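Keep in mind the model is a prediction, meaning the values are calculated, not measured. This chain uses plain numbering: 1 for the first residue, then up along the sequence.
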Amino acid sequence: MVDHDFGALTAVRLAAYSRAEQNEILGDGADPFGVAETGLTWLPKEEHFGVRSAAGRLVAHAGLLRLPMAIGGTPTEVMGVGGVAVAPDVRGRGLARTVLTAALDHARTLGPRHALLFCRPPLVALYERLGWRALEGDVHVQQPDGPVVMPLRTMWTPLGTGPEAAQWPTGDVRLLSFPM
């Protein structure tokens with residue numbers, strides 16, 4: 001079914017997000033996010049936001065997960081953003097902005113000062129248009145055999161207000177878990 005009625009859609013918090021719903025957005029390919037070649041183990045997201053078309057089809061998703069980090073040796077937490085997806089047939093209509101805005105508005109209520117995501121190079125410009133900033137330097141993430149350097153681009157955005165949130169802290173960046 002083709003559903004092209006996408007006027008004034010809003011994002012909502014989803015009670016759950018299944019593989020079937022992911023397939024509804026991206027199809028059931030083996031590597032829907034194009035990151036299998038990294039060989040990384042990823043964490044599932046705990047909170048989910050989505051946009052449904054007027055006909056009820058799920059057309060966009062963003063997930064959140066609170067993650068432990070160390071920056072310059074100082075423990076902290078970030079909100080990991082992942083599983084961001086917009087159905088190919090409806091891209092270019094602002095749905096990524098819509099679903100990410102809802103997810104980040106919720107993340108702002110949870111405490112961490114920053115949100116973090118990992119993306120393939122072709123998506124950096126999209127996230128920059130949405131207010132995300134590229135993090136310079138290596139980011140180490142946990143994997144089953146120990147820490148590795150994240151091969152994807154790391155992006156961040158402030159969640160809080162004030163000078164502490166407006167800048168990324170200096171120092172070595174280590175995600176103390178699998179990436180999201």
Side-chain angles (χ1 to χ4, degrees), residues 10-14 17 33-35 37-51 60-86 91-144 146-180:
T10 59
V12 296
R13 192 166 178 190
L14 303 173
Y17 182 67
F33 293 100
V35 297
E37 70 183 26
T38 66
L40 295 174
T41 299
W42 300 85
L43 290 173
K45 280 39 100 190
E46 291 182 349
E47 300 192 53
H48 304 276
F49 295 81
V51 176
H61 169 268
L64 295 175
L65 180 64
R66 185 187 300 251
L67 296 168
M69 289 194 83
I71 304 172
T74 302
T76 190
E77 287 186 320
V78 295
M79 287 306 300
V81 176
V84 179
V86 175
R91 290 181 182 157
R93 293 177 168 89
L95 297 177
R97 180 180 302 278
T98 298
V99 75
L100 280 168
T101 296
L104 293 175
D105 284 350
H106 179 71
R108 285 182 180 90
T109 70
L110 300 177
R113 293 183 186 161
H114 302 100
L116 191 77
L117 64 77
F118 303 109
C119 70
R120 294 179 299 112
L123 297 174
V124 169
L126 166 69
Y127 286 109
E128 286 175 337
R129 286 191 305 273
L130 297 175
W132 291 77
R133 304 168 195 173
L135 188 61
E136 300 303 325
D138 290 340
V139 175
H140 293 83
V141 300
Q142 285 301 121
Q143 288 296 285
V148 300
V149 173
M150 170 52 73
L152 300 172
R153 190 66 171 164
T154 304
M155 308 284 293
W156 72 277
T157 195
L159 293 176
T161 58
E164 311 85 33
Q167 298 296 319
W168 185 263
T170 58
D172 211 32
V173 179
R174 297 188 176 280
L175 185 61
L176 304 175
S177 71
F178 292 163
M180 61 294 158

(request) Find the distance between CG (L126) and CZ (R91) and round it off to the nearest 0.5 Å. (result) 9.5 Å
Quiz: residues 127-134 side-chain donor-acceptor pairs under 3.5 angstrom, not counting sequence neighbours:
| unit_1 | atom_1 | unit_2 | atom_2 | d |
| --- | --- | --- | --- | --- |
| R133 | NH1 | A166 | O | 2.7 |

(message) Applying side-chain contact (heavy atoms from CB on, under 4.5 Å), can you list everything that pairs with A85, at least two apart in sequence or on another chain?
(response) I25, L26, F33
(message) The test is side-chain contact (heavy atoms from CB on, under 4.5 Å); show your working for L152 and C119 and say whether it passes.
(response) CA-CA 6 Å; L152 300 172; C119 70; over 6 Å; no
(message) Test of understanding: with side-chain hydrogen bond (donor to acceptor under 3.5 Å, both in side chains), list the residues that count as partners of E37, not counting sequence neighbours.
(response) none
(request) Could you grab the distance from atom CG of L159 to atom CG of L110, nearest 0.5 Å is fine? (result) 9.0 Å
(request) Grab the two heavy atoms, one from V141 and one from M150, that are nearest each other, plus how far apart they are. (result) CG1-CE, 4.1 Å
(request) Identify the two heavy atoms, one from A11 and one from V99, that lie closest to each other, and give their separation to 0.1 Å. (result) CB-CA, 3.9 Å
(request) Look up atom OG1 in T157 and atom CG in L135, then write down how far apart they are to the nearest 0.5 Å. (result) 12.0 Å
(request) Report the residues that fulfil ring pair (Phe, Tyr, Trp, His ring centres under 6.0 Å) with F118, sequence neighbours left out, ordered by chain and then residue number. (result) none
(request) For the residue pair W168 and P158, establish whether any side-chain heavy-atom pair is separated by less than 4.5 Å. (result) no
(message) For a 4.5 angstrom cut-off between non-hydrogen side-chain atoms, does F49 reach H106?
(response) yes
(request) Return the minimal non-hydrogen interatomic distance between L104 and A115, and the atom names on each side. (result) CD2-CB, 3.8 Å
(message) List the residues meeting side-chain hydrogen bond (donor to acceptor under 3.5 Å, both in side chains) with E77, not counting sequence neighbours, and say none if there are none.
(response) R66
(message) Using side-chain heavy atoms (C-beta onward) and a distance below 4.5 Å, is V173 in contact with M69?
(response) yes
(message) According to salt bridge (Lys or Arg N to Asp or Glu O under 4.0 Å), does anything in residues 146-171 pair up with another residue at least two apart or in another chain? List the pairs.
(response) E136-R153
(message) So which atom in T41 and which in P179 form the shortest heavy-atom distance, rounded to 0.1 Å?
(response) O-CD, 3.3 Å
(request) Would you mind reporting whether L43 and L65 have side-chain heavy atoms less than 4.5 Å apart? (result) yes
(request) Applying side chain to side chain contact (heavy atoms under 4.5 Å, CB included) between M155 and each of V81, L116, V124, report the one that passes. (result) V124
(message) Quick one, V148 and L40 - any side-chain contact, counting heavy atoms below 4.5 Å?
(response) yes
(request) Just jot down the side-chain contact (heavy atoms from CB on, under 4.5 Å) partners of P68, sequence neighbours excluded, or say none. (result) L176, S177
(request) Could I get the full list of side-chain hydrogen bond (donor to acceptor under 3.5 Å, both in side chains) partners for D105, not counting sequence neighbours? (result) R108
(request) Write down the atom of L67, the atom of G80, and the distance for their closest heavy-atom approach. (result) CD1-CA, 3.9 Å
(request) Identify, with sequence neighbours excluded, every residue that meets salt bridge (Lys or Arg N to Asp or Glu O under 4.0 Å) alongside R13. (result) E47
(message) Suppose the criterion is side chain to side chain donor-acceptor pair (under 3.5 Å): which pairs have a residue in residues 109-123, not counting sequence neighbours?
(response) none
(request) Return the minimal non-hydrogen interatomic distance between A60 and V86, and the atom names on each side. (result) CB-CG2, 4.1 Å
(request) Identify, with sequence neighbours excluded, every residue that meets side-chain hydrogen bond (donor to acceptor under 3.5 Å, both in side chains) alongside R174. (result) D172
(message) H48: which residues meet the ring pair (Phe, Tyr, Trp, His ring centres under 6.0 Å) condition with it, sequence neighbours left out?
(response) Y17, H61
